[in-house]
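Following: one structure in structure tokens, then a few remarks.
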There are 2 protein chains.
Amino acid sequence: MEITAPKKGTLKAIAAELGLSITTVSRALAGYSDVAEATKNRVRAAAAAADYVPNSAGKMLVTGRSGFVGFLLPVRETAILDPFLGEYITGLSAGLAEQGRDLFMTTVSSSQSEATVLKHIVDAGRADAMVLTRIAEEDERVDFLVKRGFPFVAHGRTLDHSDYSWIDTDGKQAFSDLFQWLYQELGHKKIGLLSITESMTFRRYREDGLIGAIKDCGDPDVTLTTRHVPRFDTASWGEAIRSMLESENRPSAIVALTDELALSVLEHAASLGVSVPESLTVIGYDNIPAAHYSNPGLTTFDQSIRSTAQQTAGLILDTLDTPDQIQQKLVSPIFIRRGSHGPAPKPVPNSLKTVSKTKG
Amino acid sequence: MEITAPKKGTLKAIAAELGLSITTVSRALAGYSDVAEATKNRVRAAAAAADYVPNSAGKMLVTGRSGFVGFLLPVRETAILDPFLGEYITGLSAGLAEQGRDLFMTTVSSSQSEATVLKHIVDAGRADAMVLTRIAEEDERVDFLVKRGFPFVAHGRTLDHSDYSWIDTDGKQAFSDLFQWLYQELGHKKIGLLSITESMTFRRYREDGLIGAIKDCGDPDVTLTTRHVPRFDTASWGEAIRSMLESENRPSAIVALTDELALSVLEHAASLGVSVPESLTVIGYDNIPAAHYSNPGLTTFDQSIRSTAQQTAGLILDTLDTPDQIQQKLVSPIFIRRGSHGPAPKPVPNSLKTVSKTKG
DNA sequence: CAGCCTTTCCAAAACGTTTCGGATGGACGA
DNA sequence: TCGTCCATCCGAAACGTTTTGGAAAGGCTG
């Protein structure tokens, strides 16, 4: 027996075994150039043999970094975690893993506020950075982190989003393009918008995109009928949808803010005998899995969540490396044409179309 | 200016401010008896004023504990996180927060195996203990943690579950009691069992409970029809359910392994014109929120997930305090009577009933 | 008043890592 | 031969906490 063998699995143990100093072992593993190639190899071999994994506390103490990125799971009571989040988390986790970081998720229980949990994470140094999602037009979490100067990336943005890093899909452009397509290519003039009551920023951008495009086209015959429903209160959607479908001035195309809403429109249309796409066009947003299996398949926008999540991980890296440099990314969703769209049922007799391309 | 003011928000800073030693400040905050009450108060006040939060890395380094409890989120690709998990996580998180611990969740991306992620967490000391869920009859995660001697609590159990801590609901007893009630109180003799193909332990226990009770009752007229379907492949359920419902020897009571399955039975029964509960009794298990809103309301077992999750947090505490003492808890689910059950449609003319209590 | 016990406090070590500022030895140029 | 430079290595400090093993001071007992 030696005097005292150092505890297994530490730099000290490897150093003792190899007759080197702790410094050299540390630097060899970190790949510094001031340690001989031969030595590096010896060290690497010994480390591998000993199943060496650096103690995170030791590293954290000296670097001040935990290697964790924090995420607040928006699970409330019995609420379901939607497919969007599931995929996003998976992508984010994978992206961070590539950087050697871990994703640290927490829920907020009913007894705490989201702000309390956030404060705890920041104060206790549980995470080096945060990822925020489901951003509202005004968001106290964003305000808190900005004020504290704590690194974070928002997936989505607040109304005033100049002074922090975010990544978002360009819903405004998407809905603007969408209207132009509906109008010019398919001849729709009676547009229905099914939106949510909650004041989320993405709602505003999408609505603005649609409304702005309608204004810009300058056609006085174009009408817009809008209904707002509570986002997660599925039970209350029916009334709004039926009132749109049963109105004597029924829209020929209904644009829904999310796929969930669009699918609900599809269901009610079926039960009311309104055929899609012959007499009604329905467009969604998100491209959730169910959108693929509906009948007819839902025409919608794909946010490529996985890739967005990966990019978020990249932004986190940037934010940590260069904290004072903010990064903002707007990604364009991809339009997915499935079966829920078609030309407007009653083509206007002799209108003043600008360009009239017929889809091949 | 002082020589060098210690960094804000550390024990050293508070000690310097108060003219005390670091030791005393540390012990005062920890509530040791060898520091005067007056001093304790001074320290507490100063700590509060400075918004002092102990640096977790420092604490971790010396105690060897991270304060994290790990949890592997079973999110796979686009798979939805079910309501069960959402509630469980929330409860677990709340229970751990009371102990000053944090719940550290990770997903496993498609490129890694669950075992790899688990190994990483254990090796890197990311968590002090683990919570495992969705336990299979044989489970490599359980084996791994047992072999490594790493503290964990399983929610559910493997077939051989003698040497680790777990908490589970007593599905065997529940299904056994269920049959007795169906048979003795409601007069059902043609039982259908809709189960899953996956070899989960909870499946086996529930099946065993039902089958055992049927054997025990000794009535040769009792028949059991069983169908196994893939748990998450909802599309494939219909065939199995219809074959049961359309069989000329249709069961008068169908017992489903989960509420999802039971609700699907309800739907198919409705579309086939089989009235529930008049000509068919349907029983579920889990009491998911949707079970409350179905038509008729689903009679099922409630696992009181929230409370189970809280208890899991308690078990974690025990496991960390007394690592060599294993804890095993079997909790009884609560039977929830709603509208999907009724007496057997054709009462047997003149049978040999043992006890015949009629429900009031 | 001496000895002992209590109360209250503290110095120093330890945890495992990274990194700064050398130290050592040999090769090479002058 | 001496000085310079490079390649390679290492000692020691630092991060912030907990804990061990006292130490100092005062009160009490005899």
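Just so it is clear: chains get the letters A, B, ... in the order the sequence lines come, proteins before strands, and each one is counted from 1.
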Return no unless some side-chain N or O of [X] is found under 4.0 Å from OP1 or OP2 of [N].
X       : N      : value
B/Ser21 : C/dC10 : yes
B/Ser26 : D/dT17 : no
B/Thr24 : C/dC10 : yes

Can you tell me how far [atom2] of [N] sits from [atom1] of [X], to the nearest Å?
X        : N      : atom1 : atom2 : value
A/Met60  : D/dA14 : CE    : C1'   : 16 Å
B/Leu20  : C/dA11 : CG    : P     : 11 Å
A/Asp123 : D/dG16 : CG    : P     : 16 Å
B/Arg27  : C/dT7  : CZ    : P     : 15 Å
A/Asn55  : C/dA14 : CG    : P     : 17 Å
A/Leu61  : D/dT18 : CG    : P     : 12 Å

* When rounded to the nearest 0.5 angstrom, what is the spacing between CE in B/Met60 and CE in A/Met60? ->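 Between atom CE of B/Met60 and atom CE of A/Met60 there are 7.0 Å.
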* Asked: Out of curiosity, A/Thr90 OG1 to A/Leu85 CG, how far, rounded to the nearest 0.5 Å?
  ->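 Separation between the atoms: 10.0 Å.
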* When all nucleic acid strands are considered with a 4.0 Å heavy-atom cut-off, which category describes A/Ile22: base, sugar-phosphate, or nothing? ->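 Base: the residue A/Ile22, judged by heavy atoms under 4.0 Å, touches a nucleobase.
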* With a non-hydrogen cut-off below 4.0 angstrom, is B/Gly19 in contact with a base, only sugar-phosphate, or nothing? ->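 Sugar-phosphate contact only.
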* To do: May I ask you to decide if B/Leu73's main-chain N or O and B/Thr107's side chain share a donor-acceptor pair within less than 3.5 Å?
  =>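 No: the side chain of B/Thr107 does not pair with the backbone of B/Leu73.
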* Which of the following nucleotides, C/dG16, D/dT17, C/dT19, is nearest to the side chain of B/Leu11? ->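 Selected nucleotide (nearest to the side chain): D/dT17.
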* To do: Of all the heavy-atom pairs spanning A/Ser93 and B/Thr106, show the shortest one and how long it is.
  =>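 Taking every non-hydrogen atom into account, OG-CG2, 3.9 Å.
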* To do: Could you pull out the closest heavy-atom pair between B/Gln311 and B/Ile167, with the gap in Å?
  =>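 Nearest pair, atom of B/Gln311 first, then B/Ile167: CB-CD1, 3.7 Å.
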* Interface with DNA chain C, restricted to residues 31-54 of chain B and to heavy atoms under 4.0 Å ->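 The stretch gives B/Asp34, B/Val35, B/Ala36, B/Thr39 as the residues lying under 4.0 Å from the strand, ordered by number.
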* Assess whether one donor atom and one acceptor atom, taken from the side chain of B/Thr10 and the base of D/dG16, lie less than 3.5 Å apart. =>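 No pair found.
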* Does the separation of the ring centres of B/Phe152 and B/Tyr164 fall below 6.0 angstrom? ->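 Yes, the ring of B/Phe152 comes within the 6.0 Å limit of the ring of B/Tyr164, centre to centre.
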* A/Phe68 ring center within less than 6.0 Å of B/Phe104 ring center ->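 Yes.
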